[in-house]
Structure formats: structure tokens, C-alpha cells
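Order of listing sets the numbers, starting from 1, for every ligand and every atom in it. The chain is numbered in sequence order, starting from 1. Note that the structure is a prediction, hence the values are computed from the model and not measured.
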Amino acid sequence: MSEKMNFQAEVNKMLNIVVNSLYSEKYIFLRELVSNASDACDKLKYLSLTNPDIAKGNGELKIVLTPDDKNNTLTISDNGIGMNKDDLINHLGTIAKSGTSDFVANMKENGSAADLIGQFGVGFYSAFMVAEKVEIITKKAGEEQAYKWVSNGVDGFEIESAEKSENGTEIKLFLKEEDKNFTDTIYLRHLIRTYSDHISYPIVLNLTEAGEETINSGSALWTRNKGEITQEQYKEFYQHISHNFDEPWLTLHFKAEGSIEYTSLLFIPSSQPYDLFQPDKKQGLKLYVNRVFISDKVEELMPNYLRFVKGIVDSSDLPLNISREMLQQNALIAKIKNGIVGRLLKDLKKRFENYDDYSKFWDNFGIAFKEGIYEDFSNREEIASLSLFSSTKSGEKLTSLDAYIERMQSEQNAIYYITGDDVKVLANNPQLEAFKQKGLEVLLLTDPIDEFWTQTLPNYKGKVIKHISQADVDFSFERKEAKAEEGSLEKLINYMQDLFKDEVGKVESTEKLTSSPVSLTVENGQMSIHLERLMRNHQQQTAFNSTRILEINPYHPLIIKLSESIEDENKKQEIEKISKILLDQAKIAEGEPIKDSSFYVSAISEYILKGF
Ligand code: ADP
Ligand code: MG
């Protein structure tokens with residue numbers, strides 16, 4: 001008796017997308033099915049460590065391809081873990097992985113598969129790109145009953161009991177007429193050698209007359225000599241483990257010897273994954289002990305700020321029966337992690353010399369990498385030296401801290417920065433006017449993490465890192481312009497102080513502004529306005545309130561005029577209105593929201609009309 005079941009709605013959508021949009025790259029189904037077979041062998045190998053009986057009589061783990069050009073079918077079988085009925089229903093009828101359902105959601109929004117598809121493993125369902133029907137016969141290791149699963153990829157699937165003597169899975173594809181070429185042995189050999197050579201189990205071509213022929217090298221790629229591995233093979237391996245379709249930007253393959261021995265093969269992608277900032281996304285490296293697969297996504301092997309690094313670690317110094325809990329406290333794991341981080345930083349340093357090359361990495365991952373300045377105490381100066389920033393002098397390019405130091409003026413003792421939401425807005429912040437006047441370079445920092453690392457790295461190579469509001473520079477310089485008269489300026493200040501008593505803590509005259517009439521800043525040593533805004537956005541509350549200072553420029557014609565009129569009773573209303581506009585402008589320049597935008601808009605329109 002067979003049971004008929006429907007695919008989960010998302011699977012239907014997924015199938016639709018995969019079948020209809022990957023038309024030019026149909027061959028990837030083979031890589032996906034071989035990859036699943038390899039995973040199934042890994043799982044059985046791992047289970048048999050603790051339960052040797054489970055793989056009794058199993059023979060060598062391998063993957064077999066059986067083409068049949070008469071009947072136009074291709075069968076991919078493995079003697080790995082196999083699936084029981086629940087597995088079939090849960091793994092081949094629903095989408096469990098959050099990434100895949102994100103994919104479907106994303107597709108619905110953007111409607112374009114081309115850019116997105118590369119970021120997801122399309123997995124088992126890619127079989128329906130070439131098959132009009134898929135028939136699976138599988139038996140789970142350690143269980144008695146085998147099952148058959150059949151589907152045309154459109155109307156759900158059917159499951160029934162079946163006969164199979166050995167554990168493992170046979171996937172038979174009834175090829176579409178136009179996909180007959182997947183029974184061609186020359187083509188199959190070519191595909192396996194190109195896309196699946198790195199698989200550590202033998203991939204065997206089963207030819208009725210000529211017998212069995214092993215196509216791939218069948219040894220784990222990382223165990224081979226570096227000199228014998230081509231870039232193409234590294235790339236295929238990278239795509240296999242990362243489920244990415246891009247080229248690796250960095251490939252790092254090394255063997256560490258010494259107090260602990262391990263081999264590692266690591267990659268940095270050349271494009272940014274969509275989920276770099278998804279906090280619940282599991283990251284980390286694959287762990288092998290003596291070429292036996294132990295665990296996927298071992299977060300303990302990679303610090304969070306390097307979460308975009310993909311790859312594997314294989315060590316014979318770890319116990320084979322290492323558990324998840326043990327990984328967390330294992331001193332060897334911590335040592336391997338340190339070793340890996342050191343090697344990665346060393347390689348990044350080499351690539352750092354070439355700006356065009358390095359900035360590709362930086363554009364994709366700099367924003368995560370910078371978290372290391374905050375997170376990785378022992379490497380923070382190194383990470384800072386490998387970081388790039390916008391600045392008032394770097395132009396289109398970004399600058400490093402070392403390049404900044406080289407450009408520093410002889411009497412300058414600090415690296416200055418300002419924080420905000422957007423580089424262009426920041427570059428025009430009135431607070432920078434005095435720095436420009438003095439020729440002092442200022443870093444323009446716009447990532448939330450910048451607010452934090454600047455607190456944990458108080459100095460770099462002996463130079464203090466300072467927010468511009470904390471600069472103790474003498475900003476006075478010779479000025480030829482007219483200045484507001486002392487007495488009336490003071491009256492204006494007192495007036496504004498009273499008018500804005502709920503919004504700013506203090507109103508002050510400043511020598512720092514050149515072209516703007518006003519500017520907003522905070523008391524020295526207090527939380528920056530940008531950080532306060534970030535906190536507010538995240539906590540929905542104004543629990544943070546540093547004392548705002550409204551600085552006014554006594555050389556600005558508008559301020560001069562206001563202070564001249566401050567005692568004119570007839571202009572009382574005007575003065576209030578203009579003062580309010582000025583405070584709003586100071587807020588806008590700082591990226592802060594203004595209190596009453598309708599007031600602002602109508603007041604500005606009124607003055608524009610007057611000026612016409
Ligand atoms: P992924 O491999 O990324 O998990 P797939 O769509 O390729 O996604 O496969 C879905 C699931 O189906 C696998 O995780 C696995 O549990 C199961 N599966 C697929 N092929 C096999 C196989 N040959 N043997 C055992 N299980 C398999
Ligand atoms: Mg898969």
C-alpha cells in the first residue's frame with residue numbers, strides 16, 4: 001500500500017524556481033546528489049565509531065553512478081546512513097533549513113533567481129531539473145524496513161514499503177527526453193572529475209559491460225599535497241562545503257605542526273552572503289578527526305568576527321568521540337582556533353599591500369571583521385592595522401590607520417574620528433569645519449560597531465583615538481570677519497538657553513565654526529549623539545541623554561544680525577522663529593530628527609518667499 005503525500009507549500013515554490021531558473025546549469029543536480037551521498041557516508045562512518053555493529057557487512061563506503069541509456073535513467077546510489085520513513089517525509093517533503101525558506105521568501109520579493117541561487121544549496125530538489133520522475137529506494141542503517149519514495153516533483157510524493165538488503169540510498173532519475181546526455185559516460189566522467197573530484201569516497205561508474213570504474217581520486221582534498229591540487233579543485237571543494245557558487249577570494253591550506261597537529265583548508269568568499277548579520281545563523285568550520293567527519297559548523301573553531309570564513313579542520317590529536325559539549329571546553333580546540341586566526345591574519349596582511357585586491361575583501365566583510373577590534377583582545381591592534389576607513393582626506397579610497405598616522409601633522413597627537421549614519425552627511429558636519437581649517441584629518445565612521453571598537457582601542461601605535469568632541473586642540477585662528485558684539489551676543493545666548501531649555505543643556509559661542517551658523521555637540525566625555533541614536537533605535541527608549549551643546553558661530557552674519565536685534569521688541573516673534581530654525585538645522589546636520597517638521601517646513605518656505 002502506498003501513501004500519497006503533498007509537499008510543503010514552500011517546497012513547491014522551491015521546486016518551481018529551481019526547475020525553471022537554473023536551466024543553463026542543469027548539471028549541478030549531479031553535484032548535489034553526490035554531495036548528499038557523501039554526507040550520508042560521513043554520517044554512517046561517524047555513527048560506527050560508537051556503534052561498530054551498525055555498518056557490519058557494509059563493505060567500503062562508496063558512491064555508484066549507473067547510467068542506462070536504453071531506458072534513459074541515471075541511478076545514484078550510496079551505502080551510507082540511508083533514510084527511514086520519517087526521514088523521507090521530513091527531509092524530502094519539507095524545507096527544514098531556515099536558509100532555504102529564506103530563499104523562497106527572498107525570491108518572492110525580488111523575483112530574480114540569478115543572484116540569489118548562488119547563495120543557497122539547491123540540494124535534492126535539483127534532481128527535478130533533469131528528471132520527470134524520481135524514485136528512491138532506501139534503508140536506514142540499523143533498521144529492518146526499507147522504503148520507496150516516488151515523485152514527479154509536481155503532485156507531491158508517494159511512499160511505500162520496499163525490499164533492500166543493504167543500508168543506503170538508491171536514487172533513480174527518469175530523465176527528461178532532452179536530458180538524455182546524462183547517461184553519456186564520457187560526459188558523466190567529465191562532470192565528476194570537474195565538480196566532485198574532492199569527495200573523499202570513491203565515485204564509481206557502473207558500466208554493464210566494462211564493469212566498475214572509479215572516477216575520482218577518492219581521497220580527502222586537504223590530505224593531498226598542495227602542489228598537486230589545482231585552483232579549480234580548490235574552488236570546487238570550496239563550493240561543495242560552502243554551498244556558494246562564487247570563487248574563493250582567499251584560499252589558505254596549511255598543516256600546523258608542533259604542540260598540536262592539524263591540517264586546515266580555509267576560504268574567504270568573494271561575495272557577501274545575505275545572512276552575514278543573521279544572529280541565529282550557525283557559522284563555523286567543519287571538523288574532522290583523522291579524516292572522519294565529526295561535526296558541521298563548529299563555532300568554537302572560529303571567532304565571531306571571522307564568521308564568513310568557510311573551511312575544514314582535521315586533527316589527529318583530538319579524540320574521535322569528541323562531543324558537542326566537549327568542543328566547548330576543549331583546550332586543544334581553543335589552541336587550533338588561535339592558530340587558525342593567526343594564519344588568517346598573516347595572509348590578510350600579505351593581501352593588504354594591494355589596495356584594489358584587498359578592498360574587495362573589505363567591501364564584503366570589513367564590517368564584520370572590524371568587530372574583531374572589539375572582540376579579540378589579543379589581536380586587536382593587528383586587526384585595527386588591517387582595517388580601512390573613510391576619512392576627510394582619503395578621497396574616494398579608504399585609509400588605514402597607518403596611512404593616517406603618516407599624514408599626521410607634527411604637533412598632532414591623536415587620531416580623530418567622528419561617527420554618524422552616512423559618510424556624505426558626516427563629511428559636511430559643521431563640527432569638522434575647524435579641523436578642515438587646521439588641516440587635521442578626521443576618520444568618518446558610519447558602522448554601528450565603530451562606536452564600540454573606538455572605546456576598546458583607546459590608542460593605536462601610541463596615538464590616542466579620539467572623538468572630535470574630545471579634541472583638546474587650540475582652534476583659535478586669526479579671523480578677519482566681523483564678529484557679533486560681546487554684550488548682545490551674550491544676551492542672544494541667554495535667550496536661546498531659555499528658549500531651548502528642554503532640548504539642549506547649554507548654548508555656547510565657539511571659535512570652531514567657519515561656514516555654519518550653529519552646530520550640535522555633546523559635553524566632553526559623554527556618549528556621542530550617533531551612539532545615543534543607535535541605542536534609541538534599538539531600545540525604543542531615550543534612556544540615554546548626554547548633555548547637548550548648541551554651539552553658535554559669532555562670525556556668522558545670521559548670528560550677528562540676531563544678536564543686533566535681540567532687544568528689538570518688534571522682532572521678538574521673528575527671533576524666536578529663526579532661533580528654532582537654527583536649532584533644527586543643527587539637528588539635521590547631525591543626522592538627528594527634528595521636533596516639529598511642519599513648523600520647520602512652513603517657516604523655511606516663508607523665508608524663502610521673503611527672499612525672492
Ligand atoms: P542538504 O544536503 O543541504 O541538507 P538536500 O536538499 O541536499 O539538503 O538534502 C536534504 C536532506 O535529505 C539531507 O539533509 C539528508 O537528510 C537527506 N538526504 C538526501 N540525500 C540523502 C542520501 N543519499 N542519504 C541519506 N540522506 C539523504
Ligand atoms: Mg545536499
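Of all the heavy atoms of Asp78, the ones lying under 4.0 Å from any atom of ligand 1 belong exclusively to the side chain.
Annotation: cation-pi pair Arg224/Tyr234 absent, no NZ/CZ under 6.0 Å from the ring centroid and within 45° of its normal.
The two residues Asn206 and Pro67 have their closest heavy-atom pair at O-CD, 3.6 Å. Annotation for Arg307 and Glu371: closest pair NH1-OE1, 3.0 Å, computed over non-hydrogen atoms.
Of the listed residues (Leu301, Ile294, Leu318, Leu287), just one forms a side chain to side chain contact (heavy atoms under 4.5 Å, CB included) with Leu327, and that residue is Leu287. Here the options are Phe308, Phe361, Tyr238, the test is ring pair (Phe, Tyr, Trp, His ring centres under 6.0 Å), and the partner is Trp249; only Phe361 passes.
Ligand 1 does not have Glu32 within reach: every non-hydrogen atom of the residue lies 4.0 Å or more from it.
We find that Lys370 and Asp447 are joined by a salt bridge, their nearest charged nitrogen and carboxylate oxygen being less than 4.0 Å apart. Using a 4.0 Å cut-off between charged side-chain N and carboxylate O, Lys148 and Glu158 make no salt bridge.
Of all atoms in ligand 1, numbered sequentially from 1 with element shown, those under 4.0 Å from a heavy atom of Gly123 are 5 (P), 6 (O), 7 (O). Annotation for ligand 1: atoms under 4.0 Å from non-hydrogen atoms of Phe124 are 5 (P), 6 (O), 7 (O). Applying the 4.0 Å criterion to heavy atoms of Leu92 picks out, from ligand 1, the atoms 12 (O).
Coordination check, Ser35 versus the Mg ion (ligand 2): failed, since every N/O/S atom of the residue sits at 2.8 Å or beyond.
The N/O atoms of Asn36, backbone and side chain alike, include one that comes under 3.5 Å of an N/O atom in ligand 1. For a threshold of 3.5 Å applied to N or O pairs, the pair formed by Ala40 and ligand 1 contains no separation below that value.
The closest heavy-atom contact to atom 12 (O) of ligand 1, among the options Lys43, His91, Met14, comes from His91.
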